[in-house]
Amino acid sequence: MHTVPLKLVTIVAEPVLEEQLTALLHRLGARGHTVTDSRGAGSRGMRASDPPGGGVRIEVVVGPDVADRILAHVAEHYFPTYAVIAFVSIVEVVRGEKYV
Amino acid sequence: MHTVPLKLVTIVAEPVLEEQLTALLHRLGARGHTVTDSRGAGSRGMRASDPPGGGVRIEVVVGPDVADRILAHVAEHYFPTYAVIAFVSIVEVVRGEKYV
Amino acid sequence: MHTVPLKLVTIVAEPVLEEQLTALLHRLGARGHTVTDSRGAGSRGMRASDPPGGGVRIEVVVGPDVADRILAHVAEHYFPTYAVIAFVSIVEVVRGEKYV
C-alpha cells in the first residue's frame with residue numbers, strides 16, 4: 001500500500017475553546033478536524049489543585065509546515081493563558097494530497 | 001520493558017458505518033477495536049460546505065500486514081463514496097502476540 | 001518550532017478502573033491525563049465471545065522512564081486479570097519540561 005507521512009496534531013483544551021481552535025486550525029491550513037469530548041486533570045497550565053474538568057480533544061492531519069505553524073501559534077497564544085496541551089506524531093496516510 | 005512495534009490504525013467515519021467497519025476490521029485480522037464518538041468537519045470526501053457532523057473514531061492495534069490490508073480495503077471501497085479518513089502510526093506494546 | 005520527543009501512553013480499560021488507573025498514572029510520574037469514553041470488543045484478555053462493552057481511553061504524555069514504569073506496572077498488575085490494552089507512541093511537544 002503506498003502511503004505518505006504526514007503529521008497528526010492533537011490539542012486538548014477547555015470546551016469553551018473548541019470553536020475558536022477549530023477555526024484557527026482551518027485558518028492555519030488544516031482541511032478537516034475531529035473532536036472528541038474528554039475529561040482530565042493536571043494539563044499544562046492547570047494548577048495541581050484544580051479539579052478534573054471537561055475538555056475537548058481536537059485532531060488534525062496536516063503537512064509538516066502546517067503542523068509547525070499550529071504548534072507555534074498555540075504555544076504563543078494559548079499556553080500562557082489556558083490549560084492547553086498539544087502534541088504531534090507522525091502518521092501514514094493513503095492519498096496524502098487530500099490533507100495538504 | 002520489552003516491547004514490540006505494531007501499527008495503530010485509526011479510521012474516522014460516519015456513525016452509520018460503525019458496525020460495518022468494525023466487522024470489516026475483525027475480518028481483515030484485527031483482534032479487538034476501540035470506538036469513540038466524535039464530531040468534525042472537512043474530512044476527506046466531504047465538501048467544504050458540509051456542516052460539521054457526528055462521527056466515530058475507530059482504532060485497532062494490528063500487525064503491519066493487517067494494517068496494509070485495512071488501508072487498501074478502506075481506500076478502495078470507502079474513500080470514493082464516504083467521508084472517511086484513515087491513518088496509521090507505530091506503537092509499542094507489551095506482549096504483542098495478543099494482537100496478531 | 002523547537003520540540004522535544006516524549007511518549008504518549010494510551011490505556012484502554014473498563015470504566016470501573018478509571019479512578020484507580022488515573023491515580024496510578026500520577027503516582028508513577030504523569031503530570032496530567034486525558035480520558036475519553038469508548039466502546040469496543042475483543043480487547044486483550046476478553047474472550048472473543050464477550051459482548052462489546054463500554055470502556056475508557058486514558059492518555060498521558062510522559063518521559064521515557066515514566067512510560068516504561070507505566071507499561072511494566074500495567075502488564076504485571078492488570079493484564080492477568082482485566083481487559084486492558086496499553087500502547088506507547090512517540091510524540092513531539094513544545095516546552096517538554098511541563099510533562100516530566
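Hydrogens, waters and symmetry mates play no part in the numbers below; they use all other heavy atoms, side chains included. Chain letters run A, B, ... following the sequence lines, proteins first and then strands; every chain starts at 1. Model, not experiment: these values are computed from the prediction.
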Fill in: Minimum-distance pair of heavy atoms, taken over all atoms of A:M1 and B:A75
CE-CB, 3.9 Å
Tabulate below the donor-acceptor pairs under 3.5 Å that side-chain atoms of residues 6-13 of chain A make, not counting sequence neighbours, or state none.
none

Discussion item. Listing request: all side chain to side chain donor-acceptor pair (under 3.5 Å) pairs with a residue in residues 55-66 of chain A, at least two apart in sequence or in separate chains.
Written reply: A:R57-A:E59, A:R57-C:E59, A:E59-B:R57
Worksheet item: Counting heavy atoms not belonging to A:I90, are there more than 12 under 6.0 Å from its CD1?
Response: no
Item to complete: Against chain B, label A:V35 side chain, backbone, both or neither, depending on which of its atoms sit under 4.5 Å from a heavy atom there.
Response: both
Discussion item. With a 4.5 angstrom heavy-atom cut-off, is it the side chain or the backbone of A:T3 that approaches chain B, or both, or neither?
Written reply: side chain
Discussion item. Using a 4.5 Å heavy-atom cutoff, which residues in residues 66-73 of chain B come close to chain A?
Written reply: B:D68, B:L71, B:A72
Worksheet item: For A:Q20, does the CD atom have more than 12 heavy-atom neighbours from other residues, nucleotides or ligands under 6.0 Å away?
Response: yes
Item to complete: Between chain B and each of A:V91, A:T22, A:V61, A:D37, count heavy-atom pairs under 4.5 Å; write down the option with the most.
Response: A:V91
Item to complete: Using salt bridge (charged side-chain N to carboxylate O under 4.0 Å, His left out) as the criterion, list what pairs up with A:E14, not counting sequence neighbours.
Response: none
Worksheet item: Is B:R39 close to A:V56 at the side-chain level, that is, under 4.5 Å between some pair of heavy atoms?
Response: yes
